[in-house]
Every structure is written in C-alpha cells, then in structure tokens.
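All ligand and atom numbering here is 1-based and tracks the order in the structure. Please read all numbers here as calculations on a predicted model, not as lab measurements. Counting from 1, the numbers follow the sequence of the chain as shown. We use all heavy atoms of the structure for the numbers below, so side chains are in, but hydrogens, waters and symmetry mates are not.
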Amino acid sequence: MHIRGGVRLSGCVPISGAKNSALVILAGALLAPGVCRLHNIPSLVDVACMLEILATLGVAIRRDGSSLEIDARDITLADAPYELVSQLRASFFAIGPLLARLGETRVPLPGGCAIGARPVDLHVRGLQAMGAEVQIEHGLVHARVKKGKRLQGARIYLDYPSVGATETLMMAATLAEGETLIENAAREPEVVDLANFCRALGAQIEGAGTNTIVISGVPQLHGAEYSIIPDRIEAGTFLVAGAITRSELELSCVVPEHLTAVIAKLQAMGATIRSTAPNRLLISPGERSLATDLETLPYPGFPTDMQAQFMALLALAEGNSVVTETVFENRLRHFAELNRMGADIRVKNNIAIVRGVPFLSGAPVVATDLRASASLVLAGLAAQGETTMTGLHHLDRGYDRLEQKLRNLGADLERRNSYDPDLLAESSETLPPVLS
Ligand code: UD1
C-alpha cells in the first residue's frame, strides 16, 4: 500500500460490524440445530476463514452482502483442518459449541502467534470442570463427555478474565445440565453480544457484562435472527485517524459507551469528541496532541487492540508518554517500524517510552500484526512524503475495506494487490499463520 501523507481528511465514515463478535457468534451458531440469520457481518479474511471452517464441519452457508444464513442442522464430528485453524485463533472457540452439542470434538491447538504465547489452558480447565475429558495429543485437543451424558453445570473461577475462555465456557454451558457460574468473567461488549445471540437461540444467561455470568443449561436451542454490534476497534482506529491528521471526522453506526476508555484518552490528548446522534460520534482534534500515559487492561480498561494505533498518535504528541502493555506479552513490535518513520520510541519488556517528535517521514514499513498494520497506516497518513507498507494480509484480517473508507474521507492512498476476502477459498493457502 502506498500512502502519501499530510492530507487532511473530512466526512463521515460508516463503521462495520465487530470482527470479534462476528467470529465468536459464527462459532456459536454451531449450538443450534436450525438456521441462524446474521446481519452486519464485516467482510474480512478472518470471517471468510471461519466460514471455511464451519463448512468443513457440515454447515451450509449462504451469503447476501453483510448478511449470512448459517444452517448448522447437520454438523458432523469432522476435524477442523489445522491449516485453517492455525490461521485463526478464534476458530478454537468452536470447541465449546461442538462439545456441548455433539458430546465429542477434536480441535487443533491454535498455532504460534505474533503477539505472544496465548495458551488455551483456561478454556480447557473450564471444560474439565464441566465434566469433559480432555486430552491434548499430537497438536489436537480431544474433548468428550461420557456416552449418553451431557456437560454438567459447574462453578468456574477464571484466573484471568480471558475473552475467549469466557466465550467458550458460556457457549458450552448453554446446553449443559444445571447451572454454570463463571466468575472473574471477561466483560467485553463482544461477550455481551454473544450472550444476547445465545439468548436469541433460547439460552438462559444472566450477568453478561459483569464479572459473574450465570448460565442455566437447556436441553436444546433453536435458530434465530441476530444483528451484531459495531466494531469498537475499527471506530477507535478512525477516531485516531481524525486526531493524527488533525481532521474533523464523523463516525456513524457506533456505540459510544463501548469506546469510553478510548474517548477519555483522546480527550486527555486535547481532542473534542461528542455525540451528534445516538449512534454517531464527531471528533474535532486540537492542533497538536498532548502526550499521555496509557496501560492496556481488560474491558472496561483501555483495549490492547487500540494500543498500536495510539502509539502512532503519541509518537507525534507534545511531550513524553509511557505505554504499558499488560494483556499480551509481545505486542509492542510496531515501535521499530514507527522509528523507521522518525518516531523516538524505546521499548523494554512490555513498556514503551514514547518521546513525541514534531513530524514523521514516509518510509517503507512492514506490518507485523493486525493492529500494528493499522498503526502504520495511521502514521503514514500523518507523515511527510510517501509510506509504502507491506504485510497487508494482516490488515485484511480485521479491517473491512479500510483503504476504500479512508479514500472516501479524502486520504491519498492506493493499493496494487487489492484483496477480496470473499475470495478467500482461492487464496487461503497463501495466508501465513497469524492470529488474534
Ligand atoms: C480476544 C480478541 C483479541 C483481543 C483480546 C483481548 C477475539 C477473536 N480476539 O482474544 O482481539 O486482543 O481478546 O481483549 O475475540 N490467556 C491464557 N490462557 C487462556 C486464555 C488466555 O493465559 O486459556 C491469556 C492470553 O495469553 C493473553 C490474555 O490471557 O495474554 C488475554 O487473552 P484473551 O482475553 O483470552 O484474548 P483472546 O480471546 O485470545
């Protein structure tokens, strides 16, 4: 991608459906022996990859723009192929629904990851507490319940409020016998979205969005129609685009409450942000952003998925900032690429010291992971001269037509190998194993 920086943006950008909701809700559709109609599904490589995995499990899929019809009536015990699962950590989340519905499943362990070790021990321990026998052999997680039995409701305390583990266990518990209590549960909006979807399927779930979720298992679920929430990370990325290019931008189709921590940081840096309608936000940035410290935390804390984008903004801020990444162990690697553009960032372990510089200059850069790629696009939009970014497959995993949306706002950027996520089936072999 070639970005000629220094151009002011203007206009209104529509925010797509949430990647992390779409992925887990697609896995959740495996719970229902019926048809689910899902709306507001973003067009992403990760979604296409998840759909391929569902297809290998016997799910029939029909797509109509941003809507999907998922028919999981006839799913089978087939193994999800490692080549696909290794590309998408979220595909592991199918283990909960498959185990709950079929009584047995084999899912490959998610592969290595660019942003840290990311184990699945919390998922596995929770399923064991619900009576599953779990063996990890030859890279496969083989989980089953005794013949003729169902998963049993249990009281599960998570050592860490893992988003994925909360989602896996919540889905598994919907079809378990009795009541399941998940304590120290993740409170992310995508967890709440999944709970609402499961409730539409007939599940009994209380407390999603708090740190204690109570699920009363039911014998069977049914199909439903559901629309997923807007992507708060895409929205946050466009807010930073406004701040970093010093442009007034409006965002439509957003839930402002999901962005509280991000908005508070942007305000601390000097931007004015207000709602122009219940689902619209307007950012009016100050002349130059002010430095601020930030620390990533589970929701409602500052999201780790916005850390890289903010680092680009802090690189140009007035003063010094300290960025502490507490959620993932290796998620500051974009600093080196930002430094190639003239930023002054030093990293030790999980802490980055960002000394604000007055300008960045365009350079050839390589995206190292999904959010890092967004951070480099943002830096490129603000930099003097041309930035050429490679590693675009990362961007395609999580941003629905980012370059097109930016161009509509007036950005000067182009891409030679434009990628159509809906054609993933033809190109998946060329995708490297990257996760998030
Ligand atoms: C999800 C999001 C991802 C986001 C992250 C944190 C999806 C598809 N992805 O990832 O975009 O960055 O939440 O908000 O929804 N951990 C364990 N054991 C486990 C599970 C997790 O130690 O069994 C650790 C991880 O290694 C990590 C931390 O917990 O250090 C957070 O992981 P988790 O909340 O599970 O993130 P994901 O669900 O993988």
(message) So that I can tick it off, tell me whether D231 and K19 are bridged by a salt bridge, with the cut-off set at under 4.0 angstrom between side-chain N and carboxylate O.
(response) no
(message) Regarding ligand 1, does L23 bring an N or O atom to under 3.5 Å of one of the ligand's N or O atoms?
(response) no
(request) Heavy-atom contacts with R89 under 4.0 Å: which atoms of ligand 1 show up? List them by number with element. (result) 20 (C), 39 (O)
(message) Need the ligand 1 atom indices (1-based, order shown) with element for anything under 4.0 Å from a heavy-atom of P119.
(response) 17 (C), 18 (N), 19 (C), 20 (C), 21 (C), 22 (O), 23 (O), 26 (O)
(request) Heavy atoms only: give me the nearest L102-T76 pair and the separation to one decimal. (result) CD1-O, 3.6 Å
(request) Could you say whether the N/O atoms of D121 and ligand 1 ever approach to under 3.5 Å? (result) yes
(request) Mark up the atoms of ligand 1 that fall under 4.0 Å of a heavy atom belonging to G164, in ascending order. (result) 35 (O), 38 (O)
(request) Decide whether the shortest distance between a heavy atom of Q307 and an atom of ligand 1 is less than 4.0 Å. (result) no
(request) Provide the number and element of each atom of ligand 1 under 4.0 Å from a heavy atom of T304. (result) 6 (C), 12 (O), 14 (O)
(message) Geometry only, no angles: is Y160 polar-contacting ligand 1 at N/O separations under 3.5 Å?
(response) no
(request) Indicate yes or no: does E179 engage R155 in a salt bridge with an N to O separation below 4.0 Å. (result) no
(request) Would you please name every residue forming a ring pair (Phe, Tyr, Trp, His ring centres under 6.0 Å) with H123, sequence neighbours left out? (result) F92, F93
(message) I'd like to know whether ligand 1 has H123 as a neighbour, heavy-atom separation below 4.0 Å.
(response) yes
(request) Identify the residue among T168, D159, T166 that makes a side chain to side chain contact (heavy atoms under 4.5 Å, CB included) with L122. (result) D159
(request) Record the part of V24 in heavy-atom contact with ligand 1 below 4.0 Å; permitted values are side chain, backbone, both and neither. (result) neither
(message) Out of all atoms in ligand 1, which are within 4.0 Å of some heavy atom of V327? Include the element for each.
(response) 27 (C), 28 (C), 30 (O), 31 (C)
(message) Once you restrict to heavy atoms under 4.0 Å, what part of S162 touches ligand 1? Side chain, backbone, both or neither.
(response) both
(message) Closer than 4.0 angstrom, basic N to acidic O: yes or no for R331 and E325?
(response) no
(message) Under 3.5 Å between any N/O of D305 and any N/O of ligand 1: does that happen in this structure?
(response) yes
(message) Please work out, at 4.0 Å between heavy atoms, whether the side chain, the backbone, both, or neither of R331 comes within that distance of ligand 1.
(response) side chain
(request) Report yes if the side chains of V323 and I351 come closer than 4.5 Å at any heavy-atom pair, otherwise no. (result) no
